[in-house]
Structures are given as structure tokens and as C-alpha cells.
Engineer: 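Below: one structure in C-alpha cells.
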Amino acid sequence: MIKVGDTLPAATLMEYVEVEGNGCSVGPNPVDVAKATAGKTIALFALPGAFTPTCSAKHVPGYVENFDAFKAAGVDEIWCVSVNDAFVMGAWARDQKTGAKVRMLADGSADFSKATGLTLDLTARGMGLRSNRYSMLVKDGKVSSLNIEGPGKFEVSDASTLLAQVKA
């Protein structure tokens with residue numbers, strides 16, 4: 001399992017882009033994790049699934065609401081990672097009104113989640129292999145803080161907890 005001090009695993013996430021601009025084509029675009037985190041401070045949070053109750057009611061809204069505070073504290077980008085396809089993440093971004101505040105990144109085959117060792121097997125509930133719920137602060141591709149939730153919990157991966165760590 002990934003830990004503080006580790007470099008994020010080499011992986012490609014997918015991001016749905018609705019408008020064309022700066023050489024970005026409309027539709028799912030690959031995001032090379034190593035390149036996208038190089039030289040940046042990223043507030044990354046991951047969750048079991050788009051449109052699920054806790055994720056939609058608490059997790060994503062907390063990061064959207066605290067966007068300005070994260071930016072003021074030196075965070076370059078906020079990422080939400082989930083084991084869904086880019087089209088679902090794009091629809092969820094519209095639903096959650098994330099706009100340019102939170103990048104909704106798809107880990108469709110759970111490659112990133114498996115590489116971090118932060119997976120959650122929800123096969124018995126009909127959801128397959130998913131990401132565990134967690135948050136991390138990433139500086140120049142390295143994990144500087146990590147908050148992993150216990151089963152069925154939402155206590156340490158929220159925006160307020162990670163924001164306090166960013167400010168520390």
C-alpha cells in the first residue's frame with residue numbers, strides 16, 4: 001500500500017472534457033499522473049463511485065466549497081478519482097457543478113487504485129473492484145499526507161481534514 005513519502009504510481013487516468021480549448025479535444029483525454037503532478041501540489045481524494053450517496057452528498061461538495069481555501073493555501077489542483085469511466089465522471093461533474101474547481105478523473109479499470117493498494121472489493125454488492133475512500137496531499141508527485149477511511153466511514157478524507165494538513 002502506498003504511504004507518505006512514496007511517489008504516485010505510473011498510471012493514466014481519463015478526463016472528460018466538454019469544451020475544446022488549448023489543444024484539448026472534446027471527449028475523454030488521457031492524464032498521465034506523473035506528468036500532471038510534476039512540479040504541482042495536488043489535493044487528491046478518491047472514492048468508491050460516482051453518484052453514490054456519501055460521495056455525492058458530502059465528499060465532492062466539500063472540496064468544491066473549499067476550492068478557494070485550497071488555492072489560497074498553495075494547492076494547484078484538486079483531483080477526484082473514482083473507478084468509473086470518463087463519461088460517467090463527466091456527467092457527475094455536471095451534476096456536482098465542479099466546473100474548473102475539481103478535476104473528475106476516471107480510473108476505469110482500477111489500474112491506479114490497484115497500483116496504490118487502496119482498493120475496495122464491492123463485488124458482493126454488485127459494484128466490483130473499486131477505490132477505497134481516501135485523501136492525500138501530493139507534492140511534485142510524492143505523497144506528503146494520506147488519510148484512509150475505515151470500512152463504511154467518512155471521517156478523515158473530507159476536505160476540512162486535508163485542508164488543515166495543507167495549512168500545517
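Just so it is clear, the values below take in all heavy atoms, side chains as well, and ignore hydrogens, waters and symmetry mates. Numbering of residues begins at 1 and proceeds along the displayed sequence.
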Engineer: Looking only at heavy atoms, what is the nearest atom pair of Y134 and S157, with distance?
Structural biologist: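 For Y134 versus S157, the nearest heavy atoms are C-CB, 3.5 Å.
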Engineer: Do P9 and V33 have side-chain heavy atoms sitting under 4.5 Å apart?
Structural biologist: no
Engineer: For the hydrophobic clusters of this structure (ILVMFWY residues joined by side-chain heavy atoms under 4.5 Å, transitively), does one cluster hold both I42 and V75?
Structural biologist: no
Engineer: A50: which residues meet the side-chain contact (heavy atoms from CB on, under 4.5 Å) condition with it, sequence neighbours left out?
Structural biologist: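 A50: side-chain contact (heavy atoms from CB on, under 4.5 Å) contacts with N84, V88, M89, W92.
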Engineer: What is the minimum heavy-atom distance between A86 and A106, and which atoms define it?
Structural biologist: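 Taking every non-hydrogen atom into account, N-CB, 3.4 Å.
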Engineer: So if you build clusters from Ile, Leu, Val, Met, Phe, Trp, Tyr with side-chain heavy-atom gaps below 4.5 Å, do V4 and L8 land together?
Structural biologist: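 Yes, same cluster.
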Engineer: Give me each pair satisfying ring pair (Phe, Tyr, Trp, His ring centres under 6.0 Å) with a member in residues 139-168, each pair once, sequence neighbours excluded.
Structural biologist: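 Non-adjacent pairs meeting ring pair (Phe, Tyr, Trp, His ring centres under 6.0 Å): H59-F154.
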Engineer: N66: what forms a side-chain hydrogen bond (donor to acceptor under 3.5 Å, both in side chains) with it, not counting sequence neighbours?
Structural biologist: none
Engineer: In Å, rounded to the nearest 0.5 Å, how long is the span from CG of L44 to CG of L162?
Structural biologist: 9.0 Å
Engineer: Tell me the salt bridge (Lys or Arg N to Asp or Glu O under 4.0 Å) pairs involving residues 123-151, sequence neighbours left out?
Structural biologist: none
Engineer: Looking at F87 and P28, what are the two nearest heavy atoms and their distance?
Structural biologist: CZ-CG, 3.5 Å
Engineer: Roughly how far, to the nearest 0.5 Å, is CG of L105 from CG of N29?
Structural biologist: 11.0 Å
Engineer: In chain order, what residues pass the ring pair (Phe, Tyr, Trp, His ring centres under 6.0 Å) check against F112, with sequence neighbours excluded?
Structural biologist: none
Engineer: I need the minimum non-hydrogen distance between M136 and L146, along with the two atoms involved.
Structural biologist: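 What the structure gives for the nearest pair is CE-CD1, 3.8 Å.
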Engineer: Restricting to non-hydrogen atoms, name the atom on A46 and the atom on S131 that form the minimum distance, rounded to 0.1 Å.
Structural biologist: CB-OG, 3.4 Å
Engineer: Is I78 close to F45 at the side-chain level, that is, under 4.5 Å between some pair of heavy atoms?
Structural biologist: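 With C-beta onward as the side chain, the pair touches.
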Engineer: Locate the shortest heavy-atom distance separating L163 from A69; write the atom from each residue and the value.
Structural biologist: CD2-CB, 3.5 Å
Engineer: CD1/I148 to CG/L118 distance, rounded to the nearest 0.5 angstrom?
Structural biologist: 5.0 Å
Engineer: Not counting sequence neighbours, which residues clear side-chain hydrogen bond (donor to acceptor under 3.5 Å, both in side chains) with T37? List them please.
Structural biologist: none
Engineer: Test: salt bridge (Lys or Arg N to Asp or Glu O under 4.0 Å). Region: residues 87-100. Which pairs qualify, not counting sequence neighbours?
Structural biologist: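 Found E18-R94.
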Engineer: Under the salt bridge (Lys or Arg N to Asp or Glu O under 4.0 Å) definition, can you give me all pairs with a residue in residues 43-66, not counting sequence neighbours?
Structural biologist: none
Engineer: Quick one, D111 with S109, criterion side-chain hydrogen bond (donor to acceptor under 3.5 Å, both in side chains). Give me CA distance, side-chain angles, the key distance, then yes/no.
Structural biologist: CA-CA 5 Å; D111 292 337; S109 298; 4.7 Å; no
Engineer: Let's go through N147 and T161 carefully: what are the C-alpha distance in whole Å and the side-chain angles of both, what is the deciding distance for side-chain hydrogen bond (donor to acceptor under 3.5 Å, both in side chains) to 0.1 Å, and is it a yes or a no?
Structural biologist: CA-CA 9 Å; N147 310 295; T161 300; over 6 Å; no
Engineer: Under the side-chain hydrogen bond (donor to acceptor under 3.5 Å, both in side chains) rule, what pairs show up with a residue in residues 39-52, not counting sequence neighbours?
Structural biologist: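 Non-adjacent pairs meeting side-chain hydrogen bond (donor to acceptor under 3.5 Å, both in side chains): K40-E77.
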Engineer: Could you tell me which residues satisfy side-chain hydrogen bond (donor to acceptor under 3.5 Å, both in side chains) with T116, sequence neighbours excluded, listed by chain and number?
Structural biologist: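 Residues passing side-chain hydrogen bond (donor to acceptor under 3.5 Å, both in side chains) with T116: none at all.
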Engineer: Mind jotting down which residue pairs meet the salt bridge (Lys or Arg N to Asp or Glu O under 4.0 Å) criterion with at least one end in residues 3-15? Sequence neighbours excluded, please.
Structural biologist: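 Those involving residues 3-15 are K3-D6, E15-R103.
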Engineer: Mind checking side-chain contact (heavy atoms from CB on, under 4.5 Å) for T98 and listing every partner two or more places apart, or none if nothing turns up?
Structural biologist: V60, V64, A93, Q96, V102, M104
Engineer: Rounded to the nearest 0.5 Å, how far does CE of M14 lie from CG of D107?
Structural biologist: 11.5 Å
Engineer: Atom CG in L129, atom NZ in K114: separation rounded to 0.5 Å?
Structural biologist: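 Spacing of CG (L129) from NZ (K114) equals 6.0 Å.
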Engineer: Please say yes or no: joined through hydrophobic side-chain contacts below 4.5 Å, possibly via intermediate residues, are V81 and L122 part of one cluster?
Structural biologist: no
Engineer: Counting only N and O atoms by type, is there a donor-acceptor contact under 3.5 Å from the side chain of S144 to the main-chain atoms of L137?
Structural biologist: yes
Engineer: Please check if L13 and I2 belong to a single hydrophobic cluster, counting links between Ile, Leu, Val, Met, Phe, Trp and Tyr side chain heavy atoms closer than 4.5 Å.
Structural biologist: yes
